[in-house]
Amino acid sequence: MSQNNLVVQIAGASGEGAISAGDVLAAAAARCGLNVTTDKIYPAEVRGSGSTMYQLRMSSEPTWTPGEESDLMFALNEQILDIFCDSIKEGGYLFYDYSETSIESVNQLNLKINKIPVPFTRLSKEIDAAKAKNMIALGVFTGIVKQVDFESQIIKDIETKFKHKGDSVLNTNITAFEAGINYAKETIKNVNLSQIILTPSTDGKLVMTGNEAVAFGALVAGCRFYAGYPITPATDVMEWIAAEMPKLGGSVILAEDEIAAIIMTIGASYAGLRSFTATSGPGLSLMSEAIGLAGMAEIPLVIVDVQRGGPSTGLPTKPEQGDLSQAVFGTHGDTPKIVIAPTNVEDCFYQTVNAFNLAEKYQLPVILLSDQSIGQRRESVNPINLKSIERLEREWYKPIDKTVPYLRYGITPTGVSPMSYPGLAGGTYVATGLEHNELSAPSYHPKVHAAMTEKRFRKLQYAKYDFHSCKKYGDPTARIGFITWGSSTMPVLEGIKLAEKEGYKAEVMYPKILYPMPDSWINEFIANKDIIIFPERNFVGQIANIVIPKFTLEKAITIIRMNKYDSQNFTPTEIYNKIKELCEEE
Amino acid sequence: MSQNNLVVQIAGASGEGAISAGDVLAAAAARCGLNVTTDKIYPAEVRGSGSTMYQLRMSSEPTWTPGEESDLMFALNEQILDIFCDSIKEGGYLFYDYSETSIESVNQLNLKINKIPVPFTRLSKEIDAAKAKNMIALGVFTGIVKQVDFESQIIKDIETKFKHKGDSVLNTNITAFEAGINYAKETIKNVNLSQIILTPSTDGKLVMTGNEAVAFGALVAGCRFYAGYPITPATDVMEWIAAEMPKLGGSVILAEDEIAAIIMTIGASYAGLRSFTATSGPGLSLMSEAIGLAGMAEIPLVIVDVQRGGPSTGLPTKPEQGDLSQAVFGTHGDTPKIVIAPTNVEDCFYQTVNAFNLAEKYQLPVILLSDQSIGQRRESVNPINLKSIERLEREWYKPIDKTVPYLRYGITPTGVSPMSYPGLAGGTYVATGLEHNELSAPSYHPKVHAAMTEKRFRKLQYAKYDFHSCKKYGDPTARIGFITWGSSTMPVLEGIKLAEKEGYKAEVMYPKILYPMPDSWINEFIANKDIIIFPERNFVGQIANIVIPKFTLEKAITIIRMNKYDSQNFTPTEIYNKIKELCEEE
Amino acid sequence: MIVEYKPDDYKNHVKPSWCPGCGHYSVFNAMLKAFSALGIPPEELVVASGIGCSSRIPYFIKTYGFHSVHGRALPLSIGIKSANPKVRVVVAGGDGDGFSIGGNHILHTSRKNPDMTYIVMDNAIYGLTKGQASPTSPIQLHTKVNPYESLDEKLNPVLIALGNDTSFIARGFSGNLKELTQLVIDGMEHRGFSFIHVMSPCVQYNTEVTYESIKKNLQPLPENHNVTDRAAAVYLALQKAPMYTGTFYNVNKPTLTDKLNEVRDVAMLQESPEVQEKEMKLLECMMNKFR
Amino acid sequence: MIVEYKPDDYKNHVKPSWCPGCGHYSVFNAMLKAFSALGIPPEELVVASGIGCSSRIPYFIKTYGFHSVHGRALPLSIGIKSANPKVRVVVAGGDGDGFSIGGNHILHTSRKNPDMTYIVMDNAIYGLTKGQASPTSPIQLHTKVNPYESLDEKLNPVLIALGNDTSFIARGFSGNLKELTQLVIDGMEHRGFSFIHVMSPCVQYNTEVTYESIKKNLQPLPENHNVTDRAAAVYLALQKAPMYTGTFYNVNKPTLTDKLNEVRDVAMLQESPEVQEKEMKLLECMMNKFR
Ligand SMILES: Cc1ncc(C[n+]2csc(CCOP(=O)(O)OP(=O)(O)O)c2C)c(N)n1
Ligand SMILES: Cc1ncc(C[n+]2csc(CCOP(=O)(O)OP(=O)(O)O)c2C)c(N)n1
Ligand code: SF4
Ligand code: SF4
Ligand SMILES: [Mg+2]
Ligand SMILES: [Mg+2]
């Protein structure tokens with residue numbers, strides 16, 4: 001049976017460069033015009049500590065997930081066979097280190113796979129490149145996968161990656177790569193990949209991580225101020241921004257903690273610049289008070305939360321979707337804000353642009369919920385037409401008649417009041433976290449408090465249907481509906497696709513704006529469904545808790561919370577199985 | 001028509017002592033064995049800034065609310081007539097300052113009330129007590145309300161209140177009080193209060209504010225450590241504790257901020273003491289990260305949030321029920337915790353005791369949500385049988401067999417694992433915010449994370465039905481149901497009672513433990529209801545958002561969110577009107 | 001034409017609501033006079049604060065203002081100043097706001113040396129919350145939160161600023177408006193971060209730190225004090241009686257704006273000249289790094 | 001019978017996971033030796049920390065431990081020590097944890113003077129998050145968050161502690177285990193809050209602050225330095241070359257436990273002798289105040 005995508009795994013101990021080889025291959029495939037999605041898999045620490053596997057799916061079709069089983073695995077040492085080999089597809093190929101691996105441990109792998117010996121270690125020693133086994137593996141890959149000409153692109157990438165380490169390192173890596181190609185061409189004969197069809201598009205693609213996509217998106221959206229404090233897995237946002245934003249005249253400030261970081265961005269936004277900060281759970285918790293200030297004082301602001309496993313310090317290097325409740329509700333008092341979540345790396349770029357536009361348009365804090373899995377995963381991204389990216393301007397105050405006092409917090413039909421900025425004559429006012437009247441003076445009058453609360457929340461009535469950001473996929477007539485979000489979305493889409501092939505019907509709705517929740521769209525979606533399933537990677541069912549109160553039900557409906565809380569991603573198969581099980585129950 | 005309760009209002013400008021007179025009267029009435037509930041009303045700042053009104057209801061029946069209209073109002077100056085006089089009942093009595101108030105401003109009060117002139121200012125000058133008009137008012141009250149002998153109790157109270165200011169101040173106040181009594185007896189003839197029936201119980205009652213009840217409750221519950229940072233309207237909790245806790249060997253520490261405060265209490269609890277902190281919204285936001293730590297490290301802890309108007313700095317002196325979402329969800333990751341809310345001053349005492357017992361029993365943070373209205377309101381409280389108050393002990397670890405390692409985070413059927421404390425030989429472990437195994441060593445294994453998450457949340461399965469803390473009132477056959485919480489409860493109860501008298505049926509359920517929400521009790525309650533109304537004092541409908549996802553509905557039900565967000569309390573009449581409207585719609 | 005601004009021109013329609021006699025009035029007046037003396041147009045000024053009686057000051061001044069949250073006025077102002085370097089930023093607040101919850105930010109702001117002025121109105125008490133001990137309260141001051149003995153030694157703000165290497169450090173007194181006005185002017189004219197510690201009594205809640213008790217102990221710094229000698233300044237700041245007023249320390253260091261500009265210049269050297277200053281070109285270059 | 005504890009008796013089943021050569025090993029060893037020298041039973045010790053490579057230390061030591069959140073180990077330990085004054089508390093952490101996010105707590109902990117020891121393993125970098133500039137990073141150290149120029153001057157921990165009037169202040173070096181062990185012993189024997197600043201290189205991420213670069217510049221404090229003279233200590237702390245090791249400052253002040261005990265005594269004087277020490281009686285008296 002032919003297939004239009006190829007899943008490759010490269011596994012090794014730390015120091016053997018599985019990850020850097022994977023990164024090179026991902027970039028090369030993207031530049032060749034293929035779609036690529038990747039994942040890094042660290043086994044549980046207790047077993048095989050320090051081992052990693054880089055998984056990569058390439059296809060001419062969109063690659064929604066990194067795939068479940070591999071067609072090809074390159075195992076750079078013996079120990080990892082035991083840990084990772086059960087993820088090779090039946091009929092797939094394992095390339096193991098012939099020179100070092102005992103024949104027993106290979107034979108003992110009681111799998112219906114093809115085991116191809118490659119003398120990685122010996123070859124590397126022969127060419128004096130003991131640390132370049134990973135490049136030999138890339139060479140072997142290039143030698144056997146003939147559908148696309150990877151060679152020149154991989155060399156280009158090796159150059160980018162190693163040029164700053166000096167010529168000798170660079171040359172060693174290239175020699176190793178070539179040695180792998182030659183070995184494959186000369187020695188490996190019994191590999192047949194003819195069922196795999198890869199037809200790259202002619203224009204190359206970009207490749208980046210979700211965190212890079214966020215950082216670049218911010219610059220394209222016109223953001224010119226960043227303040228932050230390092231925290232795994234969000235630090236790379238700041239690291240990218242620190243190198244690039246100053247070139248555009250922006251300021252990047254390393255703050256003493258997350259409270260200072262967000263307050264600095266509030267100051268910068270008040271002073272007129274688009275600004276943002278990025279953090280992870282513990283930082284978001286510390287920012288709670290300031291988020292409320294931005295809501296009350298009506299300061300546009302973007303906060304990126306690259307979620308990790310929680311609660312507390314939790315699992316800093318693992319993904320989880322555990323901060324949604326906190327993002328939506330984690331501030332004292334009724335705080336107007338918007339929460340938005342991207343579904344993959346490319347979406348990180350576009351949702352970041354949306355986040356800034358929403359913040360500027362509605363003058364409030366916008367929290368973008370990414371997570372470790374999309375934030376640190378590398379994916380291909382279609383080249384971006386930068387000129388087509390719209391930057392919505394804040395509604396600036398324009399003083400015309402000096403006798404009319406400036407109503408910074410004027411009550412308007414949309415809830416949005418024109419904003420001035422320091423330096424503008426005639427626009428002075430006091431931004432404030434106290435309840436206030438239209439003139440920005442403190443007021444605790446019950447009527448003022450009620451009217452101002454309504455004003456602040458009126459903005460959300462408009463925001464919730466903005467940017468058409470509630471998407472659907474699947475068969476609209478299906479009686480099984482999924483509602484999901486963020487990084488759980490792609491596996492659900494792929495699971496529905498698998499089910500469709502088997503004749504099982506399901507549909508998914510995945511809002512990008514999660515708060516305010518677009519009630520009427522949700523209710524339209526559930527109208528003809530009997531079952532609603534909420535797949536999400538947290539324990540308490542955070543999106544379920546937000547969506548369910550919005551249901552206006554005419555009939556009883558079955559609600560299934562599908563929570564995964566072991567810090568692993570959903571697999572398309574899990575979704576497929578759920579659909580199948582429910583369809584067969586009937 | 002006879003009535004079993006009396007509503008009194010004392011209104012004056014700041015410095016005229018309306019509040020201190022009200023406090024004296026409340027204490028005296030309680031000591032006489034009456035139930036008392038009070039409220040302080042500050043008009044919107046723009047009008048009559050600095051004026052206040054003290055409202056007080058006394059009765060031999062429980063006084064659920066301070067009442068809506070008064071039987072008697074004492075107006076210590078002219079300006080306030082305009083502001084407050086429309087709150088006098090038809091047929092009620094206004095005692096106004098004859099000597100200072102122009103006859104026009106009295107006549108202009110076009111109300112069906114009895115206007116009784118009393119020369120407050122002149123009398124006070126005659127006895128050289130210009131600052132004691134308020135005491136003259138108390139005297140007049142004592143002279144005309146003959147149902148109970150208040151005189152000796154008021155004198156006792158004036159003594160407590162003024163003795164530290166020296167004999168001369170004390171005597172002036174007593175003289176003024178007596179002058180009021182004499183004036184009333186000699187001059188005021190046209191007041192007839194015979195329809196008011198007050199039969200005090202023989203044993204006197206206590207009188208305290210909600211904040212004092214919390215503080216005292218903590219001591220009775222065995223709490224011996226407090227750390228805090230001042231914030232309105234919670235500071236009085238610390239002020240009371242600072243004076244009393246050291247006598248019991250406890251420690252009270254003024255921290256540099258709220259983060260330090262809560263972390264200190266976590267340290268003290270880890271070290272073996274019951275401990276707590278009190279704050280308001282901004283402080284709760286700052287404590288988010290530490291609350292997550294206590295949840296993860298399984299440290300018992302009580303956090304009192306005396307809610308005020310929000311968001312941000314908001315309305316520091318006004319009440320609101322705006323922090324429920326934040327209390328339940330305001331921490332990153334899935335954090336196990338308990339949220340509990342008292343309904344009135346007496347309940348502040350008992351729920352604080354419950355809060356400590358829940359914290360100790362389940363080893364997690366418990367947030368007690370009070371608010372400015374019950375926290376700073378004075379009410380009578382039935383004398384407490386201290387010996388009957390149960391203190392649940394933490395499940396302490398008892399090392400027996402030295403060869404068995406101590407599993408601080410051992411996975412148990414209830415989720416609770418025995419805890420040791422520094423100083424105990426054989427009990428060493430590391431309390432930690434990282435995900436960990438049973439031995440308290442870090443572990444990111446997917447199975448460990450899943451199992452530990454389940455363990456932590458298993459505790460909530462038990463906690464949600466603990467302490468029988470979900471109460472009901474009204475007619476169980478009613479088709480109209482209310483679900484409410486905290487300080488909105490009493491007005492709802494009274495509104496239902498009013499409706500019952502008119503033949504309209506309704507029932508209310510008011511959980512004290514708000515998270516975890518006792519689903520099965522909720523579903524039992526709604527089973528025979530057609531309409532569920534959620535009265536609460538916030539904009540977004542915070543309890544509605546928590547309860548609705550718990551509904552397992554067999555049929556469609558009408559949900560009405562009844563939100564008040566002008567920082568004012570619900571009135572029983574508002575509830576009554578809602579019930580009436582819905583009953584008549586049929 | 002040069003427009004002149006009188007102190008009253010900086011007054012807002014919201015009137016100060018402090019208790020009569022409160023020391024903060026004097027700081028308010030010193031600020032108005034300093035603004036006027038420096039001739040800064042109101043719209044080019046930002047007065048930023050945290051929470052407290054003292055922190056209410058932005059409402060009373062008709063410039064741009066920001067009444068933020070408790071203890072965070074300094075990082076807020078770093079954001080304002082970096083985003084909009086042309087405006088002049090004055091941060092004002094209390095001892096609780098600045099030294100208790102906000103204590104860490106003075107240290108880290110000093111390290112960045114933004115060109116702005118921070119005025120702390122120190123009444124050695126939390127005024128707004130009705131009188132609790134603050135980090136500068138003398139140990140003998142008992143308040144409702146420490147009714148018996150105090151657990152905390154008071155801190156010495158000038159000494160701490162010297163430890164932080166704040167580039168301008170002075171102390172004034174609400175009872176001496178003339179000197180105070182001059183210190184505010186000097187602080188604002190200083191290029192870098194200036195810290196002005198003002199003894200500013202709370203007449204409502206502090207029975208120990210009063211106009212009289214302060215005045216008795218106050219003395220101007222010795223005339224021959226060298227304001228660039230940090231060790232000498234430390235020695236003078238360590239003295240408890242007399243307590244000195246005036247400028248303790250004044251040195252020149254690159255400001256945050258200087259440093260941010262330098263970062264931009266160095267960063268730009270990474271890009272070829274033809275793309276520099278063309279935003280779209282720069283963004284495209286950045287995108288192409290992902291190819 | 002006096003039980004003796006060898007350094008290894010304090011080792012936990014969890015083995016240190018630092019990079020080979022990391023300075024933190026030396027601090028770990030110094031702590032084990034000091035505990036052994038002082039003969040403290042493991043169960044009477046608490047090692048508390050925040051977050052960072054350095055802050056992982058409690059896992060490796062078989063005493064009570066608390067690995068809390070970033071920057072908050074000091075207030076945590078104040079809670080532990082006040083609740084359970086008999087246990088000995090050692091707080092350990094990094095420069096990021098202690099001087100960046102946690103900077104304010106050193107100041108306020110010093111004011112309370114709890115009887116505990118705070119060891120900061122200063123590698124002038126954020127190790128755990130893979131190498132970003134910290135508050136003690138020299139201005140020439142460029143990391144990924146400050147790839148061009150640095151905006152922040154580095155701070156001087158010993159000087160800041162002197163500004164806070166911390167009652168014991170010392171500096172050690174991971175490259176000198178013997179001196180370091182003695183400093184830990186001295187700090188733990190000091191009655192009050194002791195602060196030990198340890199230069200503890202990160203071999204993975206800090207290219208500027210290395211064993212060699214530190215060692216070159218290090219010198220023991222002059223023998224005749226008077227550890228009770230704060231101005232002299234400030235002078236020595238201000239020196240950049242050489243950088244001194246040893247004890248800068250050591251004075252006696254009432255500890256937090258002393259002060260809490262005094263509060264309890266004074267508070268008790270408010271109550272009549274017959275109720276004192278009878279908990280139920282005391283609670284009833286308190287209740288009766290509401291009558
Ligand atoms: C996060 C937070 N904690 C506590 C408070 C309560 N609070 C308001 S002002 C203040 C202290 C004010 O003291 P200070 O800064 O000295 O100003 P002063 O009123 O004395 O001028 C406190 C604790 C708050 N508003 N926010
Ligand atoms: C609130 C919060 N912010 C940020 C982080 C991320 N973080 C973990 S350790 C660390 C700094 C560690 O540096 P340091 O204290 O110097 O320790 P080292 O690793 O260098 O020993 C940071 C920023 C966190 N865990 N929590
Ligand atoms: S309470 Fe004190 S600080 Fe506040 S306004 Fe009054 S005198 Fe000033
Ligand atoms: S990264 Fe640096 S601080 Fe962390 S263990 Fe390695 S050498 Fe030590
Ligand atoms: Mg103050
Ligand atoms: Mg460090």
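Note on naming: letters A, B, ... go to the chains in the order of the sequence lines (proteins, then strands), and numbering restarts at 1 for each one. Here the structure is a predicted model, which is why all the values come from computation and not from measurement.
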What are the two closest non-hydrogen atoms of D:Tyr148 and A:Pro246, and how far apart are they? CE1-CG, 4.3 Å
On a heavy-atom basis, which atom in D:Ser100 and which in A:Ala255 lie closest, and how many Å separate them? OG-O, 4.3 Å
Could you check whether any side-chain heavy atom of A:Leu254 comes within less than 4.5 Å of a side-chain heavy atom of D:Gln132, counting everything from C-beta outward? no
Is D:His67 close to chain A through its backbone or its side chain, or both, or neither, when contacts mean heavy atoms under 4.5 Å? neither
Would you check if D:Val69 and A:Ser312 make a side-chain contact, meaning some heavy-atom pair closer than 4.5 Å? yes
First locate atom NZ of D:Lys144, then atom OG1 of A:Thr235, and finally report the distance between them rounded to the nearest 0.5 Å. 10.0 Å
Just wondering, are more than 12 heavy atoms of other shown residues or ligands nearer than 6.0 Å to NZ in D:Lys240? no
Apply side chain to side chain contact (heavy atoms under 4.5 Å, CB included) to residues D:Ile101 and A:Glu256 and explain how you reach the verdict. CA-CA 5 Å; D:Ile101 190 167; A:Glu256 57 269 39; over 6 Å; no
Chain D contact via A:Ile259 - side chain, backbone, both or neither, heavy atoms under 4.5 Å: neither
Evaluate the side-chain proximity of D:Leu151 to A:Ile253: yes if any heavy-atom separation is below 4.5 Å, no if none is. yes
Does a side-chain heavy-atom distance below 4.5 Å link A:Thr313 with D:Ile51? yes
Parallel, tilted or perpendicular, judged at 30° and 60°: which one describes the rings of A:Tyr229 and D:Tyr126? perpendicular
Part of D:Ser134 within contact of chain A (heavy atom distance under 4.5 Å): neither
Rounded distance (nearest 0.5 Å) linking atom OG1 of A:Thr232 with atom NZ of D:Lys130: 7.5 Å
